[in-house]
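Take a look at the structure below.
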Amino acid sequence: MVTHLPDVRYLSGFTGSSAALAVTRRAVRIFTDGRYKTQAAEEVSAARVEIVSNSPAVSAVQWLAAQPGVDEAGFNPMQTSVADLARWRASLPGRLRRSFLSSLPDSLIEPLRAVKDNEELAVMAEAALLGCTLFDHVLRMVRPGVPEIEIAAELEHQARLLGAEGMSFETIAASGARSALPHGRATSNPLPRRGFLTLDFGVILKGYCSDMTRTVYLGKPKAEERRAYDAVLEAQEAAVAAVGAGVSCGDIDEAARSVLRGHGLAEAFTHSTGHGVGLEIHEPPRVGSGQKTRLQPGMVITIEPGVYLEGRFGIRIEDMVAVTRTGGQVLTPAPKALIEL
Ligand code: ZN
Ligand code: ZN
């Protein structure tokens, strides 16, 4: 049973908002509703499409239960609500309610999705480059007095005009003391005369997400601000340099964290170093302290250390990096040296 839509898309190519996929040794069937009749026929070639009038997941459960030789159906508990499971169970004949549906210990699809093939890598590189183009574009309108939301809105408007299907997440544009909020969404606050502006954003292109952060400065930074920026940049570059096949995610995190520790900024780095990215903006592997997952060629992760000094300022620098056989390839080549505007 595959009900998580990005998994359904990954396996079948179907991009609609309502679907479930049932896979047995012999057959693959995708269930969706009448709104997607034409679209499903166009997008799906490797599975038989069935248009249903009730819940696609319930239909998938019932179809699986009716297949000869199928005694059990596994589902991903991370993507299943208590209510879903109750509804699926209730749709089964009494003798199957207790034992037929079984919770899988690990997602079967996540490890497949974590390693991108060349076609996926090409799309992700394109999405990442589009992000860089947008950054370059909005830099031109960064000046004191412009509201944060104007920067975010222009970025999103241009993204659509340049072919993005949407944004990967709500654009973060946080300036001045607000840059100390790691997830400061854009507000009507005007950009300050003097202070940092953090822009964290991503586009969706052919289903794949990009993600990047740059922090720029309006005016002339104080010595302490420049020191903090240089420390984050050093940490970010150390972690990027540590990327390679076989390296554990915990070691990547430590590469960034140890640099900030050396600068006395360990406490100000309040989140993990990065995350996998693909059809979803956050997907495995997690690049955090103690994470044992080893990087494999084809994985795409973000490297995004930051420091946040409450009430004063914050800085984050984020790249997308594709793991290759010999190291890491940065997909977001926008400049990282501190830009003063
Ligand atoms: Zn980001
Ligand atoms: Zn990110």
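Whatever order the structure lists ligands and atoms in, that order sets their numbers, starting from 1. Residues take their numbers from the sequence shown, with the count starting at 1.
Within 6.0 Å of CZ in Arg48 there are 12 or fewer heavy atoms belonging to other residues, nucleotides or ligands.
Look at His275 and the Zn ion (ligand 2): an N/O/S atom of the residue is under 2.8 Å from the metal.
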Pair Glu110, Arg286 - check salt bridge (charged side-chain N to carboxylate O under 4.0 Å, His left out), show working. CA-CA 12 Å; Glu110 275 178 0; Arg286 287 174 57 182; over 6 Å; no

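Donor-acceptor pairing under 3.5 Å is recorded for the side chains of Ser102 and Glu72. Side chain to side chain, Glu148 and Ser175 meet the donor-acceptor criterion of an N or O pair below 3.5 Å.
With the Zn ion (ligand 2) as vertex, Glu318 OE2 and Glu304 OE2 subtend 80°, rounded to 10°. Around the Zn ion (ligand 1), the angle linking Asp211 (OD1) with Asp200 (OD1) is 100°, rounded to 10 degrees.
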